[in-house]
Amino acid sequence: MPIQLTSQAYCKMLLHAAKYPHCAVNGLLVAEKTKEKKKDSHSEPVLCVDCVPLFHGTLALAPMLEVALTLIDTWCKENNYIIAGYYQANERTKDSRPNQVAEKVAARISENFSDAAIVMVDNSRLTMSCFEPIVVIYDHHENKWKSRDVTSDCFEDWSEAQKITSALLEGRSYENLIDFDNHLDDLRNDWTNPVINKSVLDLC
Amino acid sequence: MASVSEMYDVGWEEMRDKLRKWREENCRNSEQIVDVGEELISEHASKLGDDIWIIYEQVMIAALDCSRDDLALTCLQELEKQFSDSHRVKRLSGMRLEALERYDEANKDYDAILQDDPTNTAARKRKISILKAQGKSAEAIRELNEYLEMTHPQLYQSTYCFPCHFHSYGKAAFCLEELMMTNPHNHLYCEQYAEVKYTQGGLENLELSRKYFAQALRLNNRNMRALFGLYMSASHIAASPKVSAKVKKDNMKYAAWAATQINRAYKLAGRGTKENKCSMKAVEEMLESMQITMS
(Lines give C-alpha, C1' and ligand atoms only; values in the text may rest on other atoms or scores of the structure.)
Protein backbone atom coordinates (compact mmCIF):
# COMPACT_ATOMS: atom_id res chain seq x y z
CA MET A 1 0.00 0.00 0.00
CA PRO A 2 1.71 3.17 -1.13
CA ILE A 3 1.25 6.31 0.95
CA GLN A 4 -0.45 9.50 -0.17
CA LEU A 5 -0.03 12.95 1.33
CA THR A 6 -2.68 15.53 2.18
CA SER A 7 -1.97 19.22 1.75
CA GLN A 8 -1.60 19.64 5.50
CA ALA A 9 1.01 16.91 5.80
CA TYR A 10 3.00 18.12 2.79
CA CYS A 11 3.04 21.79 3.66
CA LYS A 12 3.99 21.31 7.32
CA MET A 13 6.98 19.18 6.20
CA LEU A 14 8.18 21.92 3.89
CA LEU A 15 7.55 24.64 6.45
CA HIS A 16 9.72 22.70 8.89
CA ALA A 17 12.55 22.46 6.35
CA ALA A 18 12.16 26.16 5.52
CA LYS A 19 12.27 27.21 9.16
CA TYR A 20 15.71 25.65 9.66
CA PRO A 21 17.49 26.00 6.34
CA HIS A 22 20.89 25.36 7.88
CA CYS A 23 19.90 22.21 9.79
CA ALA A 24 18.69 18.74 9.10
CA VAL A 25 15.06 18.31 10.18
CA ASN A 26 12.86 15.27 10.66
CA GLY A 27 9.38 14.28 11.70
CA LEU A 28 6.66 11.65 11.62
CA LEU A 29 3.76 11.16 9.23
CA VAL A 30 0.44 9.99 10.62
CA ALA A 31 -2.50 8.35 8.92
CA GLU A 32 -6.03 7.62 10.03
CA LYS A 33 -6.45 4.15 11.41
CA THR A 34 -8.86 2.04 9.35
CA LYS A 35 -10.78 -0.55 11.35
CA GLU A 36 -11.56 -3.19 8.77
CA LYS A 37 -9.07 -4.78 6.46
CA LYS A 38 -10.73 -4.68 3.10
CA LYS A 39 -10.08 -7.58 0.78
CA ASP A 40 -8.69 -5.35 -1.93
CA SER A 41 -6.82 -3.09 0.49
CA HIS A 42 -3.61 -3.79 -1.41
CA SER A 43 -4.51 -1.27 -4.09
CA GLU A 44 -5.77 1.49 -1.83
CA PRO A 45 -3.19 4.05 -0.82
CA VAL A 46 -2.73 5.04 2.82
CA LEU A 47 -3.56 8.69 3.30
CA CYS A 48 -1.13 10.55 5.58
CA VAL A 49 -3.37 13.25 6.94
CA ASP A 50 -0.85 15.06 9.09
CA CYS A 51 2.76 15.22 10.16
CA VAL A 52 4.47 15.96 13.46
CA PRO A 53 7.74 17.88 13.10
CA LEU A 54 10.28 16.41 15.49
CA PHE A 55 13.81 17.77 15.59
CA HIS A 56 16.24 20.10 13.93
CA GLY A 57 20.03 20.01 14.05
CA THR A 58 21.36 16.82 15.54
CA LEU A 59 18.91 14.09 14.62
CA ALA A 60 20.96 11.15 15.74
CA LEU A 61 20.53 11.15 19.51
CA ALA A 62 18.36 8.42 21.00
CA PRO A 63 16.67 9.52 24.23
CA MET A 64 14.52 12.40 22.95
CA LEU A 65 13.66 10.43 19.84
CA GLU A 66 12.33 7.63 22.05
CA VAL A 67 10.33 10.08 24.11
CA ALA A 68 8.88 11.67 20.99
CA LEU A 69 7.96 8.33 19.40
CA THR A 70 6.27 7.06 22.58
CA LEU A 71 4.44 10.32 23.24
CA ILE A 72 3.24 10.72 19.68
CA ASP A 73 2.19 7.09 19.60
CA THR A 74 0.00 7.71 22.65
CA TRP A 75 -1.43 10.83 21.03
CA CYS A 76 -2.15 8.87 17.87
CA LYS A 77 -4.10 6.23 19.79
CA GLU A 78 -6.32 8.91 21.29
CA ASN A 79 -7.05 10.40 17.87
CA ASN A 80 -7.41 7.16 15.97
CA TYR A 81 -4.25 7.78 14.02
CA ILE A 82 -1.29 5.57 13.40
CA ILE A 83 2.31 6.54 12.70
CA ALA A 84 2.70 5.60 9.05
CA GLY A 85 5.92 7.21 7.92
CA TYR A 86 8.97 9.31 8.63
CA TYR A 87 10.28 12.38 6.85
CA GLN A 88 13.70 13.95 6.82
CA ALA A 89 15.43 16.84 5.12
CA ASN A 90 19.20 16.53 5.24
CA GLU A 91 21.57 19.30 6.21
CA ARG A 92 23.28 19.50 2.82
CA THR A 93 21.32 20.78 -0.19
CA LYS A 94 22.60 18.16 -2.57
CA ASP A 95 22.05 15.19 -0.31
CA SER A 96 18.58 13.71 -0.30
CA ARG A 97 19.21 10.09 0.48
CA PRO A 98 17.96 8.42 3.65
CA ASN A 99 20.72 7.80 6.18
CA GLN A 100 21.14 5.50 9.19
CA VAL A 101 18.83 7.55 11.38
CA ALA A 102 16.06 7.50 8.79
CA GLU A 103 16.33 3.76 8.31
CA LYS A 104 16.39 3.05 12.03
CA VAL A 105 13.32 5.13 12.78
CA ALA A 106 11.48 3.72 9.80
CA ALA A 107 12.31 0.19 10.95
CA ARG A 108 10.85 1.02 14.35
CA ILE A 109 7.70 2.42 12.74
CA SER A 110 7.42 -0.70 10.56
CA GLU A 111 7.00 -2.80 13.71
CA ASN A 112 3.56 -1.29 14.10
CA PHE A 113 2.76 -0.44 10.51
CA SER A 114 4.11 -2.76 7.88
CA ASP A 115 3.89 -0.33 4.97
CA ALA A 116 5.85 2.48 6.61
CA ALA A 117 7.53 4.80 4.15
CA ILE A 118 10.42 7.23 4.29
CA VAL A 119 9.80 10.60 2.71
CA MET A 120 12.95 12.57 1.94
CA VAL A 121 12.75 16.24 1.03
CA ASP A 122 14.84 17.23 -1.97
CA ASN A 123 16.34 20.46 -0.66
CA SER A 124 17.84 21.44 -3.97
CA ARG A 125 14.38 21.90 -5.47
CA LEU A 126 12.80 23.80 -2.60
CA THR A 127 11.35 27.05 -3.93
CA MET A 128 8.65 29.49 -2.86
CA SER A 129 6.43 28.64 -5.77
CA CYS A 130 6.54 24.85 -5.30
CA PHE A 131 5.74 24.13 -8.94
CA GLU A 132 6.59 20.50 -8.56
CA PRO A 133 6.49 18.08 -5.67
CA ILE A 134 9.94 17.97 -4.08
CA VAL A 135 9.75 14.81 -2.03
CA VAL A 136 11.19 11.41 -2.76
CA ILE A 137 9.25 8.50 -1.29
CA TYR A 138 11.05 5.31 -0.29
CA ASP A 139 9.25 2.00 0.24
CA HIS A 140 10.70 -1.08 1.85
CA HIS A 141 11.14 -3.93 -0.64
CA GLU A 142 13.18 -7.07 -0.04
CA ASN A 143 15.14 -5.56 2.84
CA LYS A 144 16.08 -2.41 0.96
CA TRP A 145 14.62 1.04 0.73
CA LYS A 146 13.72 1.80 -2.87
CA SER A 147 12.62 5.16 -4.18
CA ARG A 148 9.38 5.52 -6.04
CA ASP A 149 8.47 7.98 -8.81
CA VAL A 150 6.56 10.85 -7.27
CA THR A 151 3.62 12.08 -9.30
CA SER A 152 0.55 14.04 -8.42
CA ASP A 153 -1.06 10.67 -7.55
CA CYS A 154 1.04 10.69 -4.40
CA PHE A 155 -1.08 13.58 -3.19
CA GLU A 156 -4.70 13.75 -2.20
CA ASP A 157 -4.93 16.95 -4.24
CA TRP A 158 -1.66 18.20 -5.67
CA SER A 159 -2.86 21.57 -6.96
CA GLU A 160 -4.37 22.37 -3.56
CA ALA A 161 -1.17 21.24 -1.82
CA GLN A 162 0.91 23.37 -4.16
CA LYS A 163 -1.22 26.49 -3.65
CA ILE A 164 -1.36 26.20 0.11
CA THR A 165 2.33 25.42 0.58
CA SER A 166 3.40 28.28 -1.65
CA ALA A 167 1.09 30.73 0.15
CA LEU A 168 2.34 29.72 3.58
CA LEU A 169 5.99 29.87 2.52
CA GLU A 170 5.53 33.37 1.11
CA GLY A 171 3.75 34.44 4.24
CA ARG A 172 6.65 33.13 6.34
CA SER A 173 4.30 30.91 8.35
CA TYR A 174 7.26 28.68 9.07
CA GLU A 175 8.33 31.16 11.74
CA ASN A 176 5.42 29.88 13.81
CA LEU A 177 5.90 26.20 13.15
CA ILE A 178 6.51 24.24 16.35
CA ASP A 179 8.58 21.07 16.39
CA PHE A 180 9.22 18.69 19.26
CA ASP A 181 12.55 20.41 20.00
CA ASN A 182 10.67 23.71 20.47
CA HIS A 183 8.23 21.88 22.75
CA LEU A 184 11.07 20.57 24.93
CA ASP A 185 12.45 24.10 25.16
CA ASP A 186 9.08 25.37 26.38
CA LEU A 187 6.24 22.95 27.12
CA ARG A 188 3.66 25.53 26.15
CA ASN A 189 4.74 25.19 22.51
CA ASP A 190 2.21 22.85 20.91
CA TRP A 191 3.70 20.35 18.45
CA THR A 192 0.28 19.64 16.95
CA ASN A 193 0.49 23.13 15.40
CA PRO A 194 -3.19 24.10 15.70
CA VAL A 195 -2.51 27.61 14.37
CA ILE A 196 -0.90 26.37 11.18
CA ASN A 197 -3.55 23.68 10.76
CA LYS A 198 -6.17 26.40 10.87
CA SER A 199 -4.29 28.45 8.27
CA VAL A 200 -4.24 25.40 6.01
CA LEU A 201 -7.95 24.85 6.49
CA ASP A 202 -8.68 28.48 5.76
CA LEU A 203 -6.82 28.23 2.48
CA CYS A 204 -8.51 25.04 1.33
CA MET B 1 6.49 46.66 1.40
CA ALA B 2 6.43 48.42 4.74
CA SER B 3 9.72 49.07 6.44
CA VAL B 4 10.66 47.31 9.65
CA SER B 5 10.45 50.54 11.60
CA GLU B 6 6.92 51.13 10.33
CA MET B 7 5.70 47.57 10.88
CA TYR B 8 6.98 47.25 14.40
CA ASP B 9 6.95 50.92 15.38
CA VAL B 10 10.60 50.94 16.42
CA GLY B 11 13.29 53.57 16.10
CA TRP B 12 16.82 53.05 14.82
CA GLU B 13 18.26 52.71 18.32
CA GLU B 14 15.96 49.80 19.09
CA MET B 15 16.90 48.15 15.81
CA ARG B 16 20.57 48.58 16.62
CA ASP B 17 20.07 47.16 20.12
CA LYS B 18 18.14 44.20 18.73
CA LEU B 19 21.02 43.41 16.39
CA ARG B 20 23.42 43.57 19.32
CA LYS B 21 21.26 41.19 21.35
CA TRP B 22 21.18 38.72 18.46
CA ARG B 23 24.97 39.01 18.13
CA GLU B 24 25.55 38.34 21.83
CA GLU B 25 23.20 35.38 21.84
CA ASN B 26 24.65 34.04 18.61
CA CYS B 27 21.19 33.70 17.06
CA ARG B 28 20.96 32.49 13.50
CA ASN B 29 17.68 34.24 12.66
CA SER B 30 19.14 35.39 9.38
CA GLU B 31 15.96 36.62 7.70
CA GLN B 32 15.22 38.96 10.59
CA ILE B 33 18.82 40.17 10.75
CA VAL B 34 18.72 40.96 7.04
CA ASP B 35 15.41 42.82 7.35
CA VAL B 36 16.49 44.92 10.31
CA GLY B 37 20.14 45.28 9.32
CA GLU B 38 19.52 46.28 5.73
CA GLU B 39 17.18 49.06 6.78
CA LEU B 40 19.55 50.24 9.50
CA ILE B 41 22.50 50.38 7.11
CA SER B 42 20.70 52.09 4.27
CA GLU B 43 18.89 54.71 6.33
CA HIS B 44 20.79 55.27 9.54
CA ALA B 45 24.41 54.49 8.71
CA SER B 46 25.70 57.88 9.79
CA LYS B 47 24.17 57.53 13.28
CA LEU B 48 25.77 54.17 14.03
CA GLY B 49 29.32 55.38 14.57
CA ASP B 50 31.89 52.62 14.87
CA ASP B 51 29.16 50.05 15.46
CA ILE B 52 28.59 50.06 11.74
CA TRP B 53 31.54 47.77 11.04
CA ILE B 54 30.38 44.95 13.26
CA ILE B 55 26.90 45.41 11.90
CA TYR B 56 28.22 45.09 8.34
CA GLU B 57 29.83 41.80 9.39
CA GLN B 58 26.68 40.50 11.07
CA VAL B 59 24.42 41.49 8.18
CA MET B 60 26.82 40.10 5.61
CA ILE B 61 26.81 36.65 7.20
CA ALA B 62 23.01 36.72 7.52
CA ALA B 63 22.74 37.81 3.89
CA LEU B 64 24.76 34.76 2.83
CA ASP B 65 22.26 32.59 4.67
CA CYS B 66 19.41 34.20 2.74
CA SER B 67 21.09 34.04 -0.68
CA ARG B 68 21.24 37.82 -0.78
CA ASP B 69 24.60 38.05 -2.52
CA ASP B 70 23.90 41.65 -3.49
CA LEU B 71 23.66 42.72 0.14
CA ALA B 72 26.56 40.49 1.20
CA LEU B 73 28.82 42.01 -1.46
CA THR B 74 27.90 45.57 -0.45
CA CYS B 75 28.76 44.86 3.19
CA LEU B 76 31.96 43.05 2.26
CA GLN B 77 33.13 45.88 0.01
CA GLU B 78 32.60 48.45 2.78
CA LEU B 79 34.59 46.28 5.18
CA GLU B 80 37.38 45.72 2.65
CA LYS B 81 37.67 49.47 2.05
CA GLN B 82 38.00 50.15 5.76
CA PHE B 83 40.11 47.16 6.86
CA SER B 84 42.17 46.29 3.78
CA ASP B 85 44.58 43.73 5.22
CA SER B 86 42.48 42.16 7.90
CA HIS B 87 42.33 38.39 8.39
CA ARG B 88 38.87 38.75 9.79
CA VAL B 89 37.63 40.39 6.60
CA LYS B 90 39.49 37.85 4.48
CA ARG B 91 37.57 35.12 6.27
CA LEU B 92 34.32 36.87 5.36
CA SER B 93 35.42 37.01 1.75
CA GLY B 94 36.05 33.26 1.94
CA MET B 95 32.61 32.68 3.44
CA ARG B 96 31.00 34.50 0.53
CA LEU B 97 32.88 32.28 -1.91
CA GLU B 98 31.68 29.25 0.06
CA ALA B 99 28.10 30.44 -0.25
CA LEU B 100 28.61 30.68 -4.00
CA GLU B 101 30.09 27.15 -3.87
CA ARG B 102 33.44 28.42 -5.21
CA TYR B 103 35.25 26.20 -2.74
CA ASP B 104 38.69 26.26 -4.35
CA GLU B 105 38.85 30.05 -4.25
CA ALA B 106 37.57 30.07 -0.68
CA ASN B 107 40.26 27.62 0.35
CA LYS B 108 42.87 29.91 -1.22
CA ASP B 109 41.69 32.72 1.06
CA TYR B 110 41.84 30.50 4.13
CA ASP B 111 45.24 29.05 3.23
CA ALA B 112 46.56 32.61 2.86
CA ILE B 113 45.36 33.42 6.37
CA LEU B 114 46.87 30.24 7.79
CA GLN B 115 50.21 30.95 6.13
CA ASP B 116 50.34 34.30 7.87
CA ASP B 117 48.93 32.97 11.12
CA PRO B 118 48.91 29.17 11.55
CA THR B 119 46.97 29.45 14.82
CA ASN B 120 43.98 31.14 13.21
CA THR B 121 41.18 28.86 14.36
CA ALA B 122 38.46 30.60 12.37
CA ALA B 123 40.17 29.78 9.06
CA ARG B 124 40.74 26.20 10.14
CA LYS B 125 37.08 25.80 11.04
CA ARG B 126 36.02 27.15 7.67
CA LYS B 127 38.21 24.64 5.85
CA ILE B 128 36.56 21.82 7.77
CA SER B 129 33.14 23.25 6.97
CA ILE B 130 34.02 23.18 3.28
CA LEU B 131 34.91 19.48 3.51
CA LYS B 132 31.63 18.85 5.30
CA ALA B 133 29.66 20.77 2.67
CA GLN B 134 31.32 18.75 -0.07
CA GLY B 135 30.33 15.53 1.65
CA LYS B 136 33.97 14.51 2.21
CA SER B 137 33.21 13.15 5.64
CA ALA B 138 36.33 11.03 6.14
CA GLU B 139 38.65 13.96 5.39
CA ALA B 140 36.55 16.29 7.51
CA ILE B 141 36.85 13.97 10.50
CA ARG B 142 40.62 13.71 9.94
CA GLU B 143 41.03 17.49 9.86
CA LEU B 144 38.78 17.71 12.91
CA ASN B 145 41.05 15.35 14.84
CA GLU B 146 44.10 17.47 14.02
CA TYR B 147 42.18 20.59 14.97
CA LEU B 148 41.16 19.13 18.33
CA GLU B 149 44.70 18.05 19.08
CA MET B 150 45.65 21.68 19.35
CA THR B 151 43.71 21.58 22.63
CA HIS B 152 42.05 24.95 22.50
CA PRO B 153 39.01 24.73 24.78
CA GLN B 154 36.86 27.00 22.65
CA LEU B 155 37.22 24.65 19.72
CA TYR B 156 35.20 21.87 21.32
CA GLN B 157 32.24 24.12 21.59
CA SER B 158 31.36 24.20 17.96
CA THR B 159 32.64 20.79 17.12
CA TYR B 160 30.80 18.27 19.24
CA CYS B 161 27.70 18.43 17.05
CA PHE B 162 29.81 17.51 14.11
CA PRO B 163 30.95 14.06 15.25
CA CYS B 164 27.35 13.25 16.17
CA HIS B 165 26.40 14.01 12.61
CA PHE B 166 28.76 11.32 11.42
CA HIS B 167 27.80 8.94 14.21
CA SER B 168 31.22 9.21 15.91
CA TYR B 169 29.63 9.26 19.33
CA GLY B 170 32.93 8.50 21.04
CA LYS B 171 34.40 11.70 19.60
CA ALA B 172 31.33 13.69 20.54
CA ALA B 173 31.57 12.34 24.10
CA PHE B 174 35.22 13.34 24.25
CA CYS B 175 34.44 16.91 23.14
CA LEU B 176 31.66 17.18 25.68
CA GLU B 177 33.90 15.87 28.47
CA GLU B 178 36.35 18.67 27.71
CA LEU B 179 33.52 21.21 27.65
CA MET B 180 32.14 19.98 30.97
CA MET B 181 35.56 20.31 32.58
CA THR B 182 35.91 23.94 31.57
CA ASN B 183 32.22 24.79 32.11
CA PRO B 184 31.14 22.73 35.13
CA HIS B 185 27.99 24.80 35.69
CA ASN B 186 26.61 24.44 32.20
CA HIS B 187 23.58 22.17 32.38
CA LEU B 188 23.31 21.89 28.60
CA TYR B 189 26.68 20.17 28.22
CA CYS B 190 25.81 17.70 31.00
CA GLU B 191 22.51 16.92 29.39
CA GLN B 192 23.97 16.53 25.90
CA TYR B 193 26.73 14.30 27.23
CA ALA B 194 24.06 12.16 28.86
CA GLU B 195 22.22 11.92 25.53
CA VAL B 196 25.36 10.78 23.73
CA LYS B 197 26.06 8.13 26.38
CA TYR B 198 22.48 6.88 26.19
CA THR B 199 22.76 6.63 22.41
CA GLN B 200 26.00 4.65 22.68
CA GLY B 201 23.98 2.10 24.65
CA GLY B 202 24.86 -0.71 27.02
CA LEU B 203 24.20 -0.86 30.74
CA GLU B 204 27.31 1.05 31.81
CA ASN B 205 26.60 3.92 29.42
CA LEU B 206 22.96 3.99 30.52
CA GLU B 207 23.98 4.33 34.17
CA LEU B 208 26.42 7.07 33.25
CA SER B 209 23.73 8.82 31.25
CA ARG B 210 21.33 8.65 34.18
CA LYS B 211 23.94 10.23 36.43
CA TYR B 212 24.57 13.07 34.00
CA PHE B 213 20.87 13.70 33.41
CA ALA B 214 20.55 13.97 37.19
CA GLN B 215 23.52 16.33 37.32
CA ALA B 216 21.99 18.52 34.60
CA LEU B 217 18.80 18.70 36.66
CA ARG B 218 20.74 19.72 39.74
CA LEU B 219 22.19 22.59 37.71
CA ASN B 220 18.83 23.52 36.17
CA ASN B 221 15.72 21.85 37.47
CA ARG B 222 13.67 23.06 34.52
CA ASN B 223 15.64 21.28 31.82
CA MET B 224 12.88 19.10 30.32
CA ARG B 225 15.27 17.04 28.23
CA ALA B 226 17.21 16.14 31.37
CA LEU B 227 13.97 15.23 33.15
CA PHE B 228 12.75 13.01 30.33
CA GLY B 229 16.26 11.59 29.97
CA LEU B 230 16.41 10.70 33.64
CA TYR B 231 13.04 9.00 33.34
CA MET B 232 14.03 7.01 30.25
CA SER B 233 17.47 5.94 31.46
CA ALA B 234 16.26 4.96 34.93
CA SER B 235 13.32 3.05 33.42
CA HIS B 236 15.58 1.11 31.05
CA ILE B 237 18.05 0.27 33.82
CA ALA B 238 15.22 -0.92 36.07
CA ALA B 239 13.87 -3.08 33.25
CA SER B 240 17.25 -4.66 32.49
CA PRO B 241 17.61 -8.32 33.53
CA LYS B 242 21.28 -7.76 34.35
CA VAL B 243 20.85 -5.54 37.38
CA SER B 244 20.58 -6.45 41.04
CA ALA B 245 17.31 -6.09 42.93
CA LYS B 246 18.65 -3.07 44.76
CA VAL B 247 19.68 -1.26 41.57
CA LYS B 248 16.29 -2.08 40.09
CA LYS B 249 14.50 -0.67 43.12
CA ASP B 250 16.64 2.48 43.17
CA ASN B 251 16.07 3.18 39.50
CA MET B 252 12.35 2.62 39.79
CA LYS B 253 12.38 5.27 42.50
CA TYR B 254 14.30 7.70 40.25
CA ALA B 255 11.93 7.01 37.37
CA ALA B 256 8.89 7.51 39.57
CA TRP B 257 10.28 10.79 40.84
CA ALA B 258 11.01 11.96 37.31
CA ALA B 259 7.49 10.97 36.20
CA THR B 260 5.96 13.09 38.97
CA GLN B 261 8.11 16.06 38.00
CA ILE B 262 7.21 15.63 34.33
CA ASN B 263 3.50 15.55 35.12
CA ARG B 264 3.87 18.58 37.31
CA ALA B 265 5.73 20.50 34.61
CA TYR B 266 3.00 19.72 32.07
CA LYS B 267 0.26 20.77 34.51
CA LEU B 268 2.01 24.07 35.04
CA ALA B 269 2.43 24.62 31.33
CA GLY B 270 -1.15 23.60 30.56
CA ARG B 271 -2.71 26.12 32.93
CA GLY B 272 -5.15 28.21 30.99
CA THR B 273 -4.72 26.63 27.59
CA LYS B 274 -7.21 24.12 26.26
CA GLU B 275 -4.90 22.79 23.55
CA ASN B 276 -2.18 21.70 25.88
CA LYS B 277 -4.50 19.30 27.64
CA CYS B 278 -3.91 16.82 24.84
CA SER B 279 -0.16 16.89 25.41
CA MET B 280 -0.63 16.52 29.14
CA LYS B 281 -2.95 13.57 28.77
CA ALA B 282 -0.60 11.91 26.29
CA VAL B 283 2.31 12.31 28.70
CA GLU B 284 0.36 10.87 31.61
CA GLU B 285 -0.65 7.87 29.56
CA MET B 286 2.86 7.39 28.20
CA LEU B 287 4.32 7.36 31.72
CA GLU B 288 1.65 4.94 32.91
CA SER B 289 2.12 2.57 30.02
CA MET B 290 5.89 2.50 30.52
CA GLN B 291 5.46 1.68 34.18
CA ILE B 292 3.32 -1.28 33.25
CA THR B 293 6.03 -2.71 31.01
CA MET B 294 8.62 -2.12 33.74
CA SER B 295 6.88 -3.98 36.54
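Sequence lines set the chain letters: A, B, ... in the order given, protein chains first and strands last, and positions in each chain run from 1.
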What I'd like to find out is whether the side chain of [X] reaches to under 4.5 Å of the side chain of [Y], using heavy atoms alone.
| X | Y | result |
| --- | --- | --- |
| Asp185(A) | Met224(B) | no |
| Phe228(B) | Leu184(A) | yes |
| Lys132(B) | Glu91(A) | yes |
| Glu31(B) | Arg172(A) | yes |

Interchain contact, Glu191(B) with chain A, by part (heavy-atom threshold 4.5 Å): neither
Which portion of Ala133(B) sits near chain A, non-hydrogen atoms under 4.5 angstrom: backbone
Arg225(B) side, atom CZ; Met64(A) side, atom CE - distance, nearest 0.5 Å: 7.0 Å
Exam field: side chain Thr199(B) to backbone Ala62(A), donor-acceptor pair closer than 3.5 Å: yes
Is it the case that over 12 heavy atoms from other parts of the model lie below 6.0 angstrom from the [atom1] atom of [X]?
| X | atom1 | result |
| --- | --- | --- |
| Asp149(A) | CG | no |
| Lys146(A) | NZ | yes |
| Tyr198(B) | OH | yes |
| Asp202(A) | CG | yes |
| Arg23(B) | CZ | yes |

Salt bridge (charged side-chain N to carboxylate O under 4.0 Å, His left out) pairs, two or more places apart, involving residues 118-138 of chain A: Asp122(A)-Arg125(A), Arg125(A)-Glu132(A)
All pairs passing salt bridge (charged side-chain N to carboxylate O under 4.0 Å, His left out) where residues 6-19 of chain A contributes a residue, at least two apart: Lys12(A)-Asp50(A)
Closest non-hydrogen atom pair between Ala269(B) and Leu187(A), with its separation: CB-CB, 3.6 Å
[X] versus chain B, the contacting section by heavy-atom distance below 4.5 Å:
| X | value |
| --- | --- |
| Lys94(A) | side chain |
| Asp181(A) | both |
| Asn79(A) | neither |

Trace of the side-chain contact (heavy atoms from CB on, under 4.5 Å) decision for Tyr169(B) with Leu61(A): CA-CA 9 Å; Tyr169(B) 297 114; Leu61(A) 291 176; 4.0 Å; yes
Among Gln200(B), Glu195(B), Arg222(B), residue most engaged with chain A (heavy-atom pairs, under 4.5 Å): Glu195(B)
